[in-house]
Amino acid sequence: MELFFNPFDNLVCILLGISLTVWFTLLLVFIIVPAIFGVSFGIRRLYMKTLLKLFEWATLRIERGAKENNHHLHKPYSNAIIAKEPTSFEEEIKEIRRSGSNKDLDSASEFEMSDIFYFARRGVASIMDDEVTKRFSAEELESWNLLTRSNNNFHYISLRLTVLWGLGLVIRYSFLLPLRVTLAFTGVGLLVFLTCVIGLLPNGRLKNFLSEKVHLMCYRICVRALTAIITYHDSENKPKKGGICVANHTSPIDVIILASDGCYAMVGQIHGGLMGVIQRSMVKACPHIWFERSEVKDRHLVAKRLSDHLEVKTKLPILIFPEGTCINNTSVMMFKKGSFEIGGTVYPVAIKYDPRFGDAFWNSSKFGMVSYLLRMMSSWAIVCSVWYLPPMSREEDEDAVQFANRVKAAIARQGGLVDLLWDGGLKRGKVKETFKEEQQKLYSKMLVGTQEDRSRS
């Protein structure tokens with residue numbers, strides 16, 4: 001049997017082999033090796049500065065094109081809202097009564113029909129400017145970042161802008177996305193393999209040392225898979241062993257952002273599939289705290305497991321996101337008190353993402369994990385700042401709820417976020433009856449107080 005070899009096929013194979021060799025060599029030299037030693041060549045920051053100049057130019061083109069075509073550029077409606085000076089519940093009721101027909105407040109009855117207008121006005125105001133619902137949608141940008149997901153119409157304004165948008169689309173999906181997927185598989189693969197190997201070692205200093213180095217290396221590779229440019233502030237306040245690190249929660253990548261600068265003991269529910277494989281391998285090398293689905297709702301069991309971990313001062317700090325759900329990085333919502341009942345020193349951390357380069361918020365009701373990660377890896381970059389705040393401890397006359405609110409306020413203040421009292425669980429659930437009862441009690445208290453004042457007089 002005679003064999004025929006096509007020289008063209010041989011040439012293609014050779015070129016493909018050379019391309020793959022060059023590709024992985026560049027990855028090894030410029031990304032993986034620097035990640036192992038925790039160094040950076042400054043390429044990502046140069047890339048970020050270039051993007052900023054590009055966005056500025058695109059914004060000018062949009063404004064000029066809009067003027068020429070008499071288009072109206074949409075601005076966030078929240079900028080047009082004039083905030084009213086905050087007043088108390090009782091003052092607002094009295095103000096409505098004064099504007100009514102009954103000017104003599106002392107002779108007012110226990111209930112007036114005009115009081116209904118207060119609750120109606122508050123209801124309409126809540127619908128128009130809902131503090132909760134808008135925290136679970138993407139943050140609105142002041143200018144376009146050349147992503148169709150930000151605005152689907154801007155690239156039609158001029159030919160130059162259309163060409164630039166198309167060029168960016170090609171770069172993001174034909175170069176950046178394959179590069180990032182390769183890095184992600186490399187980081188996760190190394191994490192699973194190396195933690196399983198380290199898990200075979202006996203417990204001791206060597207195992208802990210290798211585990212920390214491997215976790216840092218793999219997380220840093222994963223950070224580069226997102227082209228994440230992170231600025232860490234006040235590193236002297238970094239969480240220490242035997243403590244609890246609490247942070248605001250925007251995305252699952254919050255874990256990678258923090259863990260690339262220090263090692264933590266993770267807390268979470270055991271999953272199946274690939275996530276389950278990663279969790280089982282990680283716990284072999286490091287004392288992470290995983291719960292079965294049936295154990296998560298047992299508050300006493302969860303608290304005991306966390307307390308037992310904190311008692312050993314040589315163990316890694318626990319990383320917890322007390323909001324319990326992802327918020328769009330414009331605000332901080334209610335912290336669950338459970339994390340603040342177990343004692344120990346709390347190390348607050350504020351994370352603030354720059355939405356101009358890519359929206360890090362995970363809207364879990366709209367996107368699955370795979371589609372979310374695809375959006376992250378096809379964005380321009382993930383840029384964020386992390387502030388390590390001074391450690392805080394619970395005071396003697398302070399309960400867990402007050403302590404949680406004090407920590408939350410500190411995080412919101414440092415990150416430039418809105419401090420909200422609402423529960424993030426409202427994302428999927430109804431308003432608790434206790435919130436309704438609180439308003440009813442305030443109104444009843446005002447009426448009873450009015451009666452008592454009249455009886456004394």
query: NZ of K213: more than 12 outside heavy atoms within 6.0 angstrom?
result: no
P317: side chain to side chain contact (heavy atoms under 4.5 Å, CB included) partners, not counting sequence neighbours: P239, K241, Y264
task: Please report the closest heavy-atom contact between T345 and P391, naming both atoms and the distance.
output: CG2-CB, 3.6 Å
query: How close do R172 and S378 get, heavy atom to heavy atom, and via which atoms?
result: NH1-O, 2.6 Å
message: Holding to side chain to side chain donor-acceptor pair (under 3.5 Å), I want the full list of residues that pass it with S339, two or more places apart in sequence or in another chain.
response: none
L191 vs S281 side-chain heavy atoms within contact, under 4.5 Å: no
message: A quick test of your reading: do over 12 heavy atoms of other residues, nucleotides or ligands sit less than 6.0 Å from NZ of K240?
response: yes
- request: Kindly indicate, with the supporting measurements, whether the criterion side-chain contact (heavy atoms from CB on, under 4.5 Å) is fulfilled by I411 and V349.
  value: CA-CA 6 Å; I411 291 175; V349 176; over 6 Å; no
- prompt: Roughly how far, to the nearest 0.5 Å, is CE of M334 from OG1 of T325?
  reply: 12.0 Å
Closest non-hydrogen atom pair, M377 against L177: CB-CD1, 3.6 Å
field: Side chain to side chain, H309 and V267, heavy atoms closer than 4.5 Å
entry: no
- request: Give a yes or no on whether the backbone of K207 and the side-chain of S211 come within a donor-acceptor separation of less than 3.5 Å.
  value: no
field: I320 CD1 to I289 CD1 distance, which is reported to the nearest 0.5 Å
entry: 7.5 Å
message: For H215 versus A285, what's the shortest heavy-atom pair and its separation?
response: CE1-CB, 4.5 Å
message: Show me the pairs that pass salt bridge (Lys or Arg N to Asp or Glu O under 4.0 Å) and involve residues 389-402, at least two apart or across chains.
response: E398-R406
message: Let's go through D254 and Y353 carefully: what are the C-alpha distance in whole Å and the side-chain angles of both, what is the deciding distance for side-chain hydrogen bond (donor to acceptor under 3.5 Å, both in side chains) to 0.1 Å, and is it a yes or a no?
response: CA-CA 10 Å; D254 293 338; Y353 291 92; 2.4 Å; yes
statement: Interatomic distance, CG@L190 vs OG1@T195, rounded to 0.5 Å, equals 10.0 Å
- line: Heavy-atom nearest pair, A247 first then P322, reads O-CD, 3.6 Å
Reported CG-to-SG distance for the pair L316 and C245, which is rounded to 0.5 angstrom: 12.0 Å
- prompt: Does the side chain of L54 come within less than 4.5 Å of L164's, by heavy atoms?
  reply: yes
- prompt: So which pairs with a foot in residues 384-419 pass ring-ring contact (aromatic ring centres under 6.0 Å, His included), sequence neighbours left out?
  reply: H233-W387, F340-F403
- request: Check whether any side-chain heavy atom of Y372 sits under 4.5 Å from a side-chain heavy atom of I253, and report yes or no.
  value: yes
message: So does Q279 get a backbone contact from the side chain of W290, meaning a donor-acceptor N/O pair under 3.5 Å?
response: yes
- request: Hey, could you give me the CZ/NE2 distance between F335 and H249, rounded to the nearest 0.5 Å?
  value: 11.0 Å
field: Minimal non-hydrogen separation, M376 against D359, with atom names
entry: CE-O, 2.6 Å
field: Sequence-distant partners of R280, side chain to side chain contact (heavy atoms under 4.5 Å, CB included), two or more places apart
entry: V277
- prompt: Are F357 and T227 close enough that some pair of their side-chain heavy atoms sits under 4.5 Å apart?
  reply: no
query: Quick one: does T250's side chain get under 4.5 Å of K352's, heavy atoms only?
result: no
message: Using modelled atom types and a 3.5 Å cut-off, is there a donor and acceptor pairing between side-chain atoms of K336 and backbone atoms of E323?
response: yes
- prompt: Is the backbone of R220 close enough, under 3.5 Å, to the side chain of R224 for a donor and an acceptor to pair up by distance?
  reply: yes
task: Check whether any side-chain heavy atom of D419 sits under 4.5 Å from a side-chain heavy atom of N405, and report yes or no.
output: no
message: Using a 3.5 Å distance criterion without hydrogens, assess whether the side chain of N237 forms a donor-acceptor pair with backbone atoms of P348.
response: no
statement: Those residues at least two apart in sequence (or on a different chain) that pass side chain to side chain contact (heavy atoms under 4.5 Å, CB included) with L310 are I244, I318, I342
query: Okay, side chain of Y47, backbone of W380: is any donor-acceptor separation there less than 3.5 Å?
result: yes
query: Do the non-hydrogen side-chain atoms of I327 and N248 ever get within less than 4.5 Å of each other?
result: no
From V386, I230, V255, residue fulfilling side-chain contact (heavy atoms from CB on, under 4.5 Å) relative to S260: I230
- prompt: Out of curiosity, L374 CG to R180 CZ, how far, rounded to the nearest 0.5 Å?
  reply: 11.0 Å
task: Evaluate whether atom NZ of K337 has more than 12 neighbouring non-hydrogen atoms of other residues, nucleotides or ligands under 6.0 angstrom away.
output: no
- request: Determine yes or no for a side-chain-to-main-chain donor-acceptor pair under 3.5 angstrom, with H288 supplying the side chain and V283 the backbone.
  value: no
